[in-house]
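Chain naming here is simple, since letters A, B, ... match the order of the sequence lines and numbering starts at 1 in each.
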There are 2 protein chains.
Amino acid sequence: MYPEYFLYLNQKGNIMHQKLSEIIRERRSMLHLTQEDLAALAGVGLRTLKALEVGKGNPSLDTLQRLAEVLGMEVRLEVKRIDR
Amino acid sequence: MYPEYFLYLNQKGNIMHQKLSEIIRERRSMLHLTQEDLAALAGVGLRTLKALEVGKGNPSLDTLQRLAEVLGMEVRLEVKRIDR
DNA sequence: AGTAAAAGTGCATTATATTGCGCTTTCACT
DNA sequence: AGTGAAAGCGCAATATAATGCACTTTTACT
């Protein structure tokens, strides 16, 4: 039972030092899913997922969320305080 | 000096009970920016931002991040623990 | 009420994300 | 080495996000 944790997405779709593609792939295999499984479960085209996992693409929020849902992840917006 | 907080994006692009469009608009006016200002600062088309704020659209991760950057927000992925 | 700035919208165009198909390559296991 | 599953990729088609332009509507202030 380990706690939830966060991954920051930077401007290039990377997360900390990991790429979004790596996160998706790691999480997918952690869940013992093939690309085909995940694509089907998420309702995303297989070709789309494949492209994403090799680092190509700029997914729509919808696509990202469909995948995140199946992968047990959640897309968040962190709102920072405003310094005055 | 109030703490940072999080907003959850659901499958329809809503955040908790607020829509993504509302979050963007509120944050923008909080920063005293016009749509034109924000669009220019974020490097996003004015038409695109306008559409987003009226709840139309399924922005790409890139577009979302460009806006978030200017608005002092950050896109995150929350990774949930896996129950066994 | 009059005015200017800001915001909303219809239309057309361009860019690109999404998709399926077929084929090749890689991986994992015997 | 042989084999089947999984993953990668080129191509073409479709869907739609992103954009600019022009115009209308709303908002805010005097």
J.: Could you state the CG-C1' distance from A:L33 to D:dA6, rounded to the nearest angstrom?
T.: 13 Å
J.: Quick test of your reading: applying salt bridge (charged side-chain N to carboxylate O under 4.0 Å, His left out), list the pairs with at least one residue in residues 28-47 of chain B, sequence neighbours left out, ordered by first then second residue.
T.: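 Those involving residues 28-47 of chain B are B:R28-B:E53.
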J.: Exactly one of A:L71, A:V75, A:V70 should register a side chain to side chain contact (heavy atoms under 4.5 Å, CB included) with A:M73. Which one does?
T.: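 Exactly one pass, corresponding to A:L71.
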J.: For a quick check, with a 4.0 angstrom heavy-atom cut-off, what is the B/S/- contact string for nucleotides 9-17 of chain D, read 5' to 3'?
T.: BBB-----S
J.: Specify the closest pair of heavy atoms between B:S21 and B:G55, including all atoms of both residues, with the distance to one decimal.
T.: CB-N, 3.8 Å
J.: How long is the span from the OG1 atom in A:T48 to the CD atom in A:Q35, to the nearest 0.5 Å?
T.: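 If we round to the nearest 0.5 Å, A:T48:OG1 and A:Q35:CD are 11.5 Å apart.
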J.: What is the bend of the helix from C:dA1-D:dT30 to C:dT30-D:dA1 when you compare the axis at one end with the axis at the other, using five pairs each and rounding to 10°?
T.: 70°
J.: So, for B:E74 and B:A68, which heavy atoms are closest and what is the spacing to 0.1 Å?
T.: N-CB, 4.4 Å
J.: Between D:dT19 atom P and B:Q35 atom CD, what is the distance in whole Å?
T.: 14 Å
J.: Start with the C-alpha distance between A:I24 and A:L49, add both sets of side-chain angles, then the distance that settles side-chain contact (heavy atoms from CB on, under 4.5 Å), and finish with yes or no.
T.: CA-CA 9 Å; A:I24 291 177; A:L49 175 59; 4.1 Å; yes
J.: Specify the separation, in whole Å, of atom CG of B:L46 and atom P of D:dC23.
T.: 17 Å
J.: Which is the 5'-most and which the 3'-most nucleotide of DNA chain C that has an atom under 4.0 Å from a heavy atom of chain A?
T.: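 Here the contact window of chain A covers C:dA17 to C:dC21.
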J.: Go through it in stages, so that I can follow the logic: the residues are A:L20 and B:L77, the test is side-chain contact (heavy atoms from CB on, under 4.5 Å), and I'd like the CA-CA distance, side-chain angles, deciding distance and then a yes or no.
T.: CA-CA 10 Å; A:L20 172 61; B:L77 279 182; 3.8 Å; yes
J.: What does the list of N/O pairs under 3.5 Å between the protein and nucleotides 27-30 of chain D look like, with a distance for each?
T.:
none

J.: Roughly how far apart are A:L31 CG and A:L38 CG, rounded to 0.5 Å?
T.: 8.5 Å
J.: Using a heavy-atom cut-off of under 4.0 Å over every strand shown, decide if B:T34 touches base, sugar-phosphate, or nothing.
T.: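 Result for B:T34 = sugar-phosphate.
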J.: Considering residues at least two apart in sequence or located in another chain, which fulfil the side-chain hydrogen bond (donor to acceptor under 3.5 Å, both in side chains) criterion with A:T63?
T.: A:S60
J.: Got a second to check how far B:E26's CD is from B:M30's CE, nearest 0.5 Å?
T.: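 Going from the CD atom of B:E26 to the CE atom of B:M30 covers 6.5 Å.
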J.: To the nearest Å, give me how far apart CD (A:E36) and C1' (D:dG8) are.
T.: 14 Å
J.: Under the 3.5 angstrom rule, does the side chain of B:D62 hit a backbone N or O of A:N58 as a donor-acceptor pair?
T.: no
J.: Of all residues at least two apart in sequence or in a different chain, which pass the side-chain hydrogen bond (donor to acceptor under 3.5 Å, both in side chains) check with A:S29?
T.: none
J.: From A:L67 CG over to A:R27 CZ, what is the distance, rounded to the nearest 0.5 angstrom?
T.: 13.0 Å
